[in-house]
Structures are given as structure tokens and as C-alpha cells.
Student: 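Structure below; questions to follow.
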Amino acid sequence: MTVTVLLDRIAGLSDDAALEAANLLAGDILGVASDSDVADELSAALGSRAQIQSAIEAATPHESAELARSVLAVSAVTGHADEVTDALDATGEKALLIEITLIGLLALGVLHTVMTRGAKSKTTDSAVTIATDGSITVHTTEKTKNFSLGEAIAPLAQKLLGSS
């Protein structure tokens, strides 16, 4: 793919796609780091965390996307065209996989709820009382603990999202 075609592709990105592609490119070129780690490094370099926080809060999503497009374009023309192409090709894939996974988890949760009629567990306690006159009273208490979809799928979702 020529640099001109790549630049046209970058210019046509939606704001969300531009931000995601720049994030993927940064991970590829700079290595994986959390937002907090990057902010800490910038703070140390600039000597002010407040300055960074202020700049982040002042930027509109569109301005951030424009910066992302600029980063992608500069990277494409300065020897990182392959990395930019890879980032553009991967844009949207992770989000799609997460959506598919979450839909699958919700489907399993709904199926479980339908099959169990919403009950996670049922317990029955019975007490037999014999009165002094010889009469027998049986008291039965049935307890149902209802199924919680969030409680059930949270560990699975956490594992899937944490590993993606």
C-alpha cells in the first residue's frame, strides 16, 4: 500500500477509529503501558501532573481524534507505514470480539435463568412439633435464592476482558 493511499485511509477514519488506531500504534511502537503509567512519565518529564490533566480535560473528543490522525499520518511517512497499516487493519476487531463475547455471556445467562426459572438454589426446612396433647404440627419453610445474572457472568467477563 502506498503512503498516499494510507494517508487517504487515515483521513477517512471516524473519530473513534482514529483514536483506537493511534492507541494500537502506540502499543506497537512504544510497548504496552497503562494510561496511568504514561501520564506519570509525562508528569515527570514536564514536572506537572496538573498541566497534563488540564490539557486532557480541555481537549474535545474531535480534537483528540485529529491529533490521533496526525500521529498516524506522521508515523506513516516517517518509516512506520507497516505498523500504521497493521493498526488500521486491527481497528474495530477487539471491540467486535468483546461485543460478541458479551452477547454470548448474556445469552448463557438468559438461558440459565430460563432453565432454572430464576432460582439459583432452593432449600426446604421442616420442623415437626409434637404438642403435649399428642397433636403433631409440621412446619415447612422453603427458601429460594434467586439467580443474579451479573453475579454469575462477572467472573467470566472479567477473565475475558482482562485477557483481551
Side-chain angles (χ1 to χ4, degrees), residues 1-120 145-164:
M1 174 179 309
T2 67
V3 173
T4 305
V5 172
L6 191 53
L7 292 175
D8 288 341
R9 192 171 168 196
I10 292 166
L13 291 172
S14 69
D15 287 354
D16 287 343
L19 291 166
E20 183 180 354
N23 191 30
L24 291 168
L25 179 66
D28 190 31
I29 292 176
L30 303 174
V32 179
S34 70
D35 292 345
S36 158
D37 291 343
V38 172
D40 288 343
E41 288 180 28
L42 285 172
S43 297
L46 294 173
S48 171
R49 176 82 180 211
Q51 186 179 11
I52 294 169
Q53 193 64 35
S54 175
I56 290 171
E57 290 172 0
T60 67
H62 182 69
E63 289 170 336
S64 297
E66 286 298 318
L67 176 61
R69 284 185 195 86
S70 298
V71 167
L72 292 165
V74 168
S75 299
V77 299
T78 58
H80 293 284
D82 290 340
E83 291 91 341
V84 172
T85 301
D86 291 344
L88 294 177
D89 291 344
T91 299
E93 288 181 11
K94 182 176 179 182
L96 179 62
L97 290 175
I98 290 171
E99 287 175 23
I100 291 169
T101 301
L102 290 177
I103 289 169
L105 287 172
L106 288 173
L108 287 173
V110 168
L111 181 62
H112 183 273
T113 301
V114 168
M115 298 298 289
T116 63
R117 299 183 190 263
K120 183 175 181 180
K145 184 174 181 185
N146 288 329
F147 175 73
S148 165
L149 180 61
E151 189 178 288
I153 67 170
L156 293 172
Q158 187 175 29
K159 285 180 184 176
L160 289 169
L161 295 175
S163 65
S164 55

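This one's a predicted model, so the numbers in the text were calculated from it and none came from an experiment. Heavy-atom basis, side chains included; hydrogens, waters and symmetry copies ignored.
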Student: Taking salt bridge (Lys or Arg N to Asp or Glu O under 4.0 Å) as the cut-off, I'd like each qualifying pair that reaches into residues 59-82, sequence neighbours left out, listed once.
Tutor: Asp15-Arg69, Glu66-Arg69

Student: Under 4.5 Å between any side-chain heavy atoms of Asp89 and Arg9, yes or no?
Tutor: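 With C-beta onward as the side chain, the pair touches.
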
Student: Which residues satisfy the side chain to side chain contact (heavy atoms under 4.5 Å, CB included) test with Val77, sequence neighbours excluded?
Tutor: Val3, Leu7

Student: Check Ala18 against Ala68 and note the closest heavy-atom contact, atom names and distance.
Tutor: O-CB, 3.5 Å

Student: For Leu6, check side chain to side chain contact (heavy atoms under 4.5 Å, CB included) against everything at least two apart and list the hits.
Tutor: Met1, Ile10, Ala76, Ala81, Val84, Thr85, Leu88

Student: Are Thr91 and Leu13 packed together at the side-chain level, in the sense that at least one heavy-atom pair is separated by less than 4.5 angstrom?
Tutor: no

Student: Can you tell me how far NE2 of His62 sits from CG of Leu19, rounded to the nearest 0.5 angstrom?
Tutor: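 Atom-to-atom, Leu19:CG and His62:NE2 are 10.5 Å apart.
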
Student: Name the residue from Asp16, Asn23, Leu24 that meets the side chain to side chain contact (heavy atoms under 4.5 Å, CB included) definition with Glu20.
Tutor: Leu24

